[in-house]
Amino acid sequence: VLWRVWDRMLEIEFVDRSVALAGKAFVSFFPLVIVIASFVPDNARKAIFSTMTRRLGVQGHALVEARRAFASSDDVRRATGILGLVLMIFFASSFTTALQRVYLRAWRRPPGRKASEYTRGPAWLLGVIAFMALMGGIRSLFGDGPQVVGFAIISLVATSVLWWFTAWFMLRGQVRWRVLVPSGVITGVTMAGYALSASIWMPEVVLRNQSQFGFFGVALALVTWFSGAAICILIGTCAGAVFAADEGWIGRFVRGPEGSLLVPGADPSFAAPVRDLRLRDAFGSVDDDAIES
């Protein structure tokens, strides 16, 4: 099963996809969080800032710079405006488009053709930012000390539910909820572990890059973090798809009594590739038509 997960990652060109996700997250999603935070109440802005910086493992001088970006809400609002905010949300949907492409490729699903598909990206982005504000607020209630373990458990469960919903949402509701549970849990656990590890190595990376390249070095550190997070998403997506399609006891347990992957009336999935996959396929050397044929 693990080998099939690796094959599925090769099939979706995981190196190329992770770089695309990381780049679009840095140039669209991350700035969108800062801009939207400037339009919300002060408590919500602080909660979003807390969640973002804890996930990124940002500390020291980089934390001070990040706090300034979130604190200058009046300047951001004046520079952006309501129209600019709306346009930026739709611009940031390029990240959700890349994310949805990952899910569709991993599950071998056809792309959507309806006009409503264009609203999925902005809706998901706003939902994630609301989730960040909620988790930041809950974290402030727990404070520091032994009780932080309770928040860690809540955060792990909430993150898994978020990615469970994300899988269902990005697959246009055509894959059954139960089937998507492993994808949500694996993504949530790997993202939580990655965020925990970032608190150890990320401050050193930021400090070293900043001393060597200045503010550009901080940007490089953020891209590094987003690249690792993208790999976590790809692992969870591919593992969930492989476990669900497994013909052994794992697949039977995931699918449950109904035994089907898709909801009634869903479009048929693409067939598996007919050729053997190699490591070079991870870098985007496979033609899309060859995979979908």
Side-chain angles (χ1 to χ4, degrees), residues 14-38 40 45-73 75-76 79-80 85 88-89 91-99 101-102 121 124-126 128-133 135-136 139 155 159 162-163 166 187-188 190-236:
F14 73 92
V15 173
D16 182 67
R17 299 293 175 183
S18 64
V19 171
L21 275 179
K24 291 184 178 182
F26 177 72
V27 301
S28 60
F29 176 70
F30 188 61
L32 177 66
V33 173
I34 297 177
V35 171
I36 288 184
S38 68
V40 300
R45 180 166 60 253
K46 291 179 179 179
I48 294 173
F49 170 78
S50 174
T51 301
M52 176 67 74
T53 53
R54 288 181 184 276
R55 289 281 179 175
L56 292 174
V58 176
Q59 300 179 13
H61 184 66
L63 181 61
V64 175
E65 294 297 328
R67 184 176 287 110
R68 289 176 180 173
F70 279 83
S72 58
S73 56
D75 294 337
V76 174
T80 305
L85 175 62
M88 191 169 189
I89 291 174
F91 171 72
S93 64
S94 63
F95 167 74
T96 58
T97 300
L99 180 63
R101 190 174 294 116
V102 167
W124 184 85
L125 288 169
L126 295 176
V128 169
I129 294 176
F131 173 82
M132 293 170 60
M135 295 308 297
R139 176 67 179 86
S155 177
T159 303
L162 171 66
W163 288 107
T166 297
T187 306
T190 53
M191 287 289 285
Y194 180 69
L196 181 62
S197 70
S199 64
I200 300 174
W201 57 265
M202 186 68 173
E204 177 62 25
V205 172
V206 172
L207 181 62
R208 185 173 61 250
N209 285 7
Q210 187 178 32
S211 62
Q212 189 171 5
F213 302 107
F215 178 77
F216 181 67
V218 178
L220 290 177
L222 291 176
V223 171
T224 300
W225 189 94
F226 282 122
S227 298
I231 291 294
C232 294
I233 296 173
L234 292 172
I235 291 174

Which heavy-atom pair separates Ala47 from Ala133 by the least distance, and what is that distance? CB-O, 3.2 Å
Quick check: does any side chain N or O of Thr51 sit under 3.5 Å from a backbone N or O of Ile48, one acting as donor and the other as acceptor? no
Looking at side-chain heavy atoms only, is the closest gap between Ile231 and Tyr194 below 4.5 Å? no
Least distance between heavy atoms, Met191 atom then Cys232 atom: SD-CB, 3.6 Å
Please report the interatomic distance CZ(Phe26) to OG1(Thr224), rounded to the nearest 0.5 Å. 10.5 Å
Return the set of residues passing side-chain contact (heavy atoms from CB on, under 4.5 Å) with Thr159 (not counting sequence neighbours), or none when no residue passes. Arg55, Phe131, Ser155, Trp163
Under 4.5 Å between any side-chain heavy atoms of Thr166 and Ile233, yes or no? no
Heavy-atom closest pair (Ser28 atom, Ser94 atom, distance to 0.1 Å) is OG-OG, 3.9 Å
Validation row: Leu99, Trp124 side chains within 4.5 angstrom (heavy atoms): yes
Residues in side chain to side chain donor-acceptor pair (under 3.5 Å) contact with Ser93, at least two apart in sequence or another chain: none
Can you find a heavy atom in the side chain of Leu21 that is under 4.5 Å from one in the side chain of Phe226? no
